[in-house]
Structure formats: structure tokens, C-alpha cells
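To start, the structure itself, in C-alpha cells.
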Amino acid sequence: MAGRAAMLVNVGTVVMTVLTLASFVKGFGVNWGNIASHPLNPDIVVRMLKENKINKVKLFDADSWTMNALAGSGMEVMVGIPNNLLETLAEDYGNAKDWVKENITAYMRKDGVNIKYVAVGNEPFLSAYNGSYLKTTFPALKNIHRALKEAGHTDVMKATIPQNAEVYQSANDKPSEGDFRSDVKQIMLDIVKFFHDNDLPFTVNIYPFLSLYLNKHFPVEFAFFDGNGQAIPDNGKNYDNVFDANYDTLVYALNKAGVKDMKIIVGEVGWPTDGHKYATPKLAEKFYAGLMKRLAKDVGTPLRPEKLEVYLFGLLDEDMKSILPGPFERHWGIFRYDGTPKFMLDFTGQGRNIVPVAAKGVQYLDKQWCVVNKDTINLDEVGPDLDYACYHGDCTAMIYGSTCSNLDKIQNISYAFNMFFQIQGQDVRACDFRGSAMITKNNASVGSCLFPIQIVSGSNDFRISFVFGRFVVAGLILLGLVTAI
């Protein structure tokens with residue numbers, strides 16, 4: 001794995017000249033999230049985006065470090081407002097004015113940030129939230145739109161709400177039966193009317209992978225764009241992939257709401273590379289190759305054969321994301337945490353066997369790993385230490401079918417210990433585990449299972465105190481992330 005990663009970096013450098021001469025797909029951007037223990041320096045990320053000719057990014061907040069790095073880049077930016085701010089923005093218009101002043105107007109200067117959209121919340125009507133944001137999302141949207149308008153920004157940017165595709169459904173799984181989910185239908189109709197009256201776009205996140213993940217009977221080829229999926233006829237249209245069917249289900253829902261021509265943005269679409277048997281670099285490469293070819297042709301969907309506006313999800317792996325949706329949540333990146341590309345991907349949509357350009361100027365921590373001390377470890381008592389390491393680290397690559405699922409007992413424990421050690425910035429106290437661990441200079445990677453070395457980062461937000469007297473048995477064990485020993 002380490003050798004392949006080095007190869008990808010070198011190849012990425014070689015093909016840079018070729019990439020600059022190619023005609024890039026112009027209708028796509030990427031999601032740039034930062035729920036990571038060691039986020040890449042934003043200046044490095046922006047340079048990587050530029051070298052890959054990616055000119056549109058979608059953020060999940062308005063972090064000043066990231067925004068300042070984007071200043072002067074010319075990239076189109078969708079700035080995000082986290083769900084935990086919705087109540088504050090909804091209850092007082094003054095709060096919305098202040099937010100716009102501090103996070104939007106402050107960057108509307110010469111050589112500032114080219115803000116195109118403001119995303120109010122992120123999938124706020126997801127059923128897993130149990131209605132937590134139903135009463136605050138729409139008022140927050142109206143206040144933000146009003147504040148943007150009063151500040152004179154609505155001529156150059158639009159407010160929107162990224163919704164999960166779960167907000168609409170079809171009674172018979174055919175697009176023509178598409179309608180908004182019954183429990184959110186009225187609020188969705190109100191929002192859609194507001195969008196229409198103010199010329200705002202509808203943003204939706206579509207995940208073919210999740211269709212496969214959530215339904216063991218789902219036809220695998222229907223998740224991809226190869227045309228190998230069994231076609232589903234519907235009102236004179238044929239659907240051979242779930243993306244088209246999902247998108248057009250929304251189109252039908254909007255048509256029934258009386259807004260036939262509303263602009264639709266696909267806020268997130270992608271494929272993870274680890275944490276599940278179908279989450280692999282090979283399948284991610286297949287998915288993105290088909291998607292980029294589709295975007296390059298500007299063919300749209302059967303019901304809307306027009307250019308699509310799409311944001312790929314995501315740019316980088318994020319090792320601190322919640323794994324409640326699934327262990328794959330930390331592995332959506334086209335690039336690894338350090339900006340190394342994981343698979344072949346031609347952003348021109350021509351299907352060439354080339355890789356994206358890797359991040360440059362990344363600094364790593366020392367070449368050292370935390371592993372089991374075979375002379376001192378007691379396998380009968382190591383369970384709590386393993387639980388602790390996985391709870392505060394990241395053991396999602398140990399899931400059945402993932403890249404590190406074939407390790408033996410000692411290697412399993414070493415992997416967990418090292419992930420915790422690296423996330424804690426290689427603090428020597430993070431490689432003790434009551435004397436069961438030791439630091440080594442020998443690369444601990446096993447075959448294709450990479451034991452990573454973390455990068456130097458300006459963020460230490462995820463460091464924890466080292467108290468090993470009591471241990472919490474984490475939900476990771478319940479998910480089966482750790483092999484029993």
C-alpha cells in the first residue's frame with residue numbers, strides 16, 4: 001500500500017502537464033470537510049485544488065483559516081452553516097445579520113472569496129434527527145436570505161438547504177411516483193415555494209453507495225453508470241442507474257409542488273474506499289469514472305437532459321467523523337488524509353488512466369509506530385486497552401471486508417494502538433497502554449494494510465487527557481470493529 005501510494009504521488013507529478021492541457025469538466029466541485037484529527041493546512045489544500053483544476057468547493061462551515069486560504073483563488077465557494085447554529089439564526093434576525101457580516105461580508109472584498117452559495121444547515125430533515133431541526137431550518141433560511149439581501153449580496157450568491165434524498169420517496173420505486181416524505185411534506189412545500197419566489201436552488205445529496213449498503217438485495221450494477229444495470233421503464237423513460245432514478249424522483253416531486261423549472265444542485269455524491277465490503281478504491285474508481293464521463297457529456301438525466309451541477313463527496317478522508325451511519329463515513333475522500341490520491345480519476349471525463357495531483361509540501365510526524373510489546377503484553381487483560389484505543393482512535397479499516405480485516409491478533413492490537421498514537425500526535429504517553437505497547441522505527445504496515453504516520457497540522461483539537469485507570473467500552477465494539485481476542 002505504501003509503495004502504491006508513493007507511485008501515485010510520482011505519477012500525479014508526471015501527469016500534471018497533461019492535465020493542464022486537457023478540457024476539464026466544468027460542472028463539478030468538491031466537498032471539503034475538516035472533521036479530522038490532523039487537517040491538512042488549507043493553503044496546501046487550495047494549491048492541490050488548483051493543480052487539479054477544481055474550481056468549486058463546498059464547505060460545511062465558515063472557518064476563517066479555510067476562508068482566508070480561499071481568498072484570491074477565484075474558486076466558487078458554497079459556505080456552510082452547521083445545524084447547531086440553526087436555532088440561533090432562526091430565533092433572532094440580528095443573529096443572522098451578524099453571521100452574514102462576519103462570515104460573508106468580511107470576505108466580499110477585492111481579492112476576497114468568490115462566495116456563490118450559502119448552505120443553511122446540512123441534511124436537517126434526516127429522519128435520524130427525529131425532527132430536531134424541523135422548526136428552525138426554514139426560519140433560519142429566511143433570516144439568512146433577508147440578511148444577504150440587505151447586505152447587497154443576493155445578486156451574486158444564493159441561499160439554499162442541502163437536503164438528504166431521504167426527504168422524498170416513491171411508493172413503487174419509480175421516479176414518476178416521487179413526492180416529498182409525508183412527515184416533512186408541508187414544510188418542504190413551504191420551503192420550495194420560498195425557493196421559487198426568490199430564485200433559490202434546491203440542493204440534494206444523492207448516494208448510490210448507500211442504496212447498496214442499506215439493501216442487501218440491491219442490484220450492484222444499478223449503483224454505477226456503465227449501463228449494465230437492468231433498465232427500469234417509467235413514463236417513456238428508461239433508468240439503468242440509481243443516480244438518474246433518484247434525481248428524477250426529486251424532479252417529479254418538484255413538478256407536483258408546482259415548480260417544474262427549479263434549479264437543482266447535487267450537493268454530495270461519491271463513493272467510500274474502506275469500512276465495508278463494497279467500499280473499496282476499485283469500486284470508487286469505477287463509480288467516479290462513470291460519473292465524470294457523464295458530466296463531461298452534459299447529458300443530464302432522462303427527465304432533465306441538461307448540464308448537471310454536482311459536488312463530489314469528498315475531497316479528503318476525515319478520521320473523526322461519526323460512524324453512526326457506518327464505518328465507511330471516515331473514508332469518503334478521493335484523497336487520503338495527507339492529500340495522497342487513492343485511485344485513478346480523470347477529472348476531464350475522458351476516462352484516461354491517470355491519477356489526481358497529490359498535495360505538495362505536506363510534513364509528516366516522525367517515522368515511528370506504536371505496536372504491541374510482545375514481551376510484556378497479557379492478551380487476557382488487553383481488552384479494555386483495545387477498546388480505549390479504538391474508541392479514541394480509528395479502527396474502521398478493521399471491519400470485515402476492509403483493508404485491515406485480515407490481521408492476526410497481535411497485528412489487530414498493534415493497529416489500534418498505532419491509530420491512537422498517531423491521532424494523539426505521537427505523544428509518548430499515547431503508546432503505553434499499561435506497559436503493553438512500545439514505539440518502533442520499523443514500518444508496522446502489513447501487506448495492503450497501511451499503518452499510517454500522521455501529518456504535522458495546525459490543529460490539536462482532538463487530543464485527549466491520558467488517564468488509563470478506567471476504560472469505557474465503546475460502541476465500536478458493538479459494531480464489530482475489533483476482532484475478539
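Start at 1 with the first residue, then count along the sequence.
In this structure, the side chain of Lys409 does not engage the main chain of Leu379 through any donor-acceptor pair within 3.5 Å. Between the side chain of Thr301 and the backbone N or O of Asp244, no donor-acceptor pair lies under 3.5 Å. Panel note: side chain Asn83, backbone Asn122; a donor-acceptor pair is recorded below 3.5 Å. The backbone N or O of Leu316 lies less than 3.5 Å from no partner atom in the side chain of Trp332, so there is not a single donor-acceptor pair. For the pair Asn215 (side chain) and Ser211 (backbone), a donor-acceptor distance under 3.5 Å is absent. When atom types are taken as modelled, the side chain of Thr66 and the backbone of Pro42 share no donor-acceptor pair closer than 3.5 angstrom. In this structure, the side chain of Ser414 does not engage the main chain of Gln411 through any donor-acceptor pair within 3.5 Å. Here the side chain of Thr137 pairs no donor or acceptor atom with the backbone of Leu134 at under 3.5 angstrom. Remark: the backbone N or O of Ala245 is paired with a side-chain donor or acceptor of Thr249 at under 3.5 angstrom. Side-chain atoms of Asp274 do not come within 3.5 Å of backbone N or O of Ala279 as any donor-acceptor pair.
Nearest heavy-atom pair, Gly300 versus Leu308, reported as atom, atom and distance to 0.1 Å: CA-CG, 3.9 Å. Contact between Leu386 and Ala416 at its shortest, heavy atoms only, is CD1-CB, 3.4 Å. Nearest heavy atoms, Phe347 versus Pro356: CE1-CB, 3.8 Å. When all heavy atoms of Ala223 and Pro208 are compared, the closest pair comes out as O-CB, 3.6 Å. Counting all heavy atoms, side chain and backbone alike, Cys404 lies closest to Asn412 at O-OD1, 4.3 Å.
Annotation: the span from Leu49 atom CG to Asn55 atom CG amounts to 9.0 Å, rounded to 0.5 Å. Considering CG of Leu345 and CD of Glu285, their distance stands at 8.0 Å, rounded to 0.5 Å. Atom CD of Gln426 is separated from atom CD1 of Ile453 by 6.5 Å, given to the nearest 0.5 angstrom. Taken to the nearest 0.5 Å, the OH atom of Tyr288 stands 10.5 Å off from the CZ atom of Phe225. Taking CG of Asp394 as the reference point, atom OG of Ser37 lies at 8.5 Å (rounded to 0.5 Å). The distance from the CD1 atom of Ile377 to the CG atom of Asp385 is 8.0 Å, given to the nearest 0.5 Å.
Partners of Asn130 by side chain to side chain donor-acceptor pair (under 3.5 Å), not counting sequence neighbours: none found.
A 4.5 Å side-chain heavy-atom check between Phe313 and Asn205 finds every atom pair outside the cut-off. Taking the side chain as every heavy atom from C-beta outward, Leu59 and Leu70 approach each other to under 4.5 Å. Taking 4.5 Å as the limit, every side-chain heavy atom of Ser457 sits out of range of all side-chain heavy atoms of Leu40. Inter-residue side-chain proximity for Leu312 and Asn31 is flagged as unmet; no heavy-atom pair is nearer than 4.5 Å. Within the 4.5 Å cutoff, the side chain of Val184 has no heavy atoms near those of the Ser127 side chain. Looking at heavy atoms from C-beta onward, Ile410 lies in side-chain contact with Lys374 at the 4.5 angstrom threshold. By the 4.5 Å heavy-atom criterion applied to side chains, Asp432 and Phe421 are not counted as neighbours. With contacts defined as side-chain heavy-atom distances shorter than 4.5 Å, the pair Leu450/Arg336 qualifies.
Ion pairing between Asp226 and Lys286 holds under the 4.0 Å rule for side-chain N and carboxylate O. Checked for salt-bridge contact, Asp346 and Lys293 miss the test: no charged N lies under 4.0 Å from a carboxylate O. Salt bridge status for Lys237 with Asp248: absent, with no side-chain N to carboxylate O gap under 4.0 Å.
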Audit row: Tyr133, Tyr129, ring pair (Phe, Tyr, Trp, His ring centres under 6.0 Å) steps and yes/no | CA-CA 8 Å; Tyr133 307 109; Tyr129 292 147; 5.4 Å; yes
Taking it one step at a time, do Phe433 and Phe417 satisfy ring pair (Phe, Tyr, Trp, His ring centres under 6.0 Å)?
-> CA-CA 8 Å; Phe433 294 101; Phe417 283 2; 4.0 Å; yes
Walk me through it: do Val456 and Tyr364 pass the test side-chain contact (heavy atoms from CB on, under 4.5 Å)?
-> CA-CA 5 Å; Val456 176; Tyr364 293 83; 6.0 Å; no
Phe222 and Tyr239: CA distance, side-chain angles, deciding distance, ring pair (Phe, Tyr, Trp, His ring centres under 6.0 Å) verdict = CA-CA 9 Å; Phe222 202 64; Tyr239 294 90; 8.5 Å; no
Full working for side-chain contact (heavy atoms from CB on, under 4.5 Å) between Val310 and Glu268 = CA-CA 7 Å; Val310 171; Glu268 298 178 17; over 6 Å; no
Under the side-chain contact (heavy atoms from CB on, under 4.5 Å) criterion, do Asn246 and Tyr207 qualify, and how do the steps go?
-> CA-CA 9 Å; Asn246 193 311; Tyr207 283 103; over 6 Å; no
Stepwise side chain to side chain donor-acceptor pair (under 3.5 Å) check, Thr440 with Gln368 = CA-CA 6 Å; Thr440 179; Gln368 56 184 8; over 6 Å; no
Evaluation steps, side-chain contact (heavy atoms from CB on, under 4.5 Å), between Ile44 and Val362 = CA-CA 8 Å; Ile44 291 176; Val362 180; 4.2 Å; yes
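Sorted by first then second residue, the salt bridge (Lys or Arg N to Asp or Glu O under 4.0 Å) pairs that include residues 315-329, not counting sequence neighbours, are Asp317-Lys342, Lys321-Glu329.
Of the N and O atoms on the side chains of Tyr252 and Glu177, not one donor lies less than 3.5 Å from an acceptor on the other residue. Gln163 and Thr203 share no side-chain donor-acceptor pair at under 3.5 Å. Between His276 and Ser402, the side chains place no donor N or O within less than 3.5 Å of an acceptor N or O (distance only, hydrogens not considered). With hydrogens and angles left out, the side-chain atoms of Tyr168 and Asp179 include no donor and acceptor closer than 3.5 Å. Gln230 and Asp240 share no side-chain donor-acceptor pair at under 3.5 Å.
Between Phe224 and Trp271, the gap from one ring centroid to the other is short of 6.0 Å. For Phe28 and Tyr311, the ring centers sit 6.0 Å or farther from each other. The aromatic ring centres of Phe420 and Tyr388 sit less than 6.0 Å apart. Aromatic pair His38/Tyr337: centroids not less than 6.0 angstrom apart. Separation of the Phe328 and Phe209 ring centroids falls under the 6.0 Å cut-off.
More than 12 heavy-atom neighbours from other residues, nucleotides or ligands sit within 6.0 angstrom of CD on Glu306. Counting heavy atoms of neighbouring residues, nucleotides and ligands inside a 6.0 Å radius, atom NZ of Lys282 does not exceed 12 of them.
A side chain to side chain contact (heavy atoms under 4.5 Å, CB included) with Gln454 is found for one member of Leu365, Asp338, Asp366 and no other, namely Leu365.
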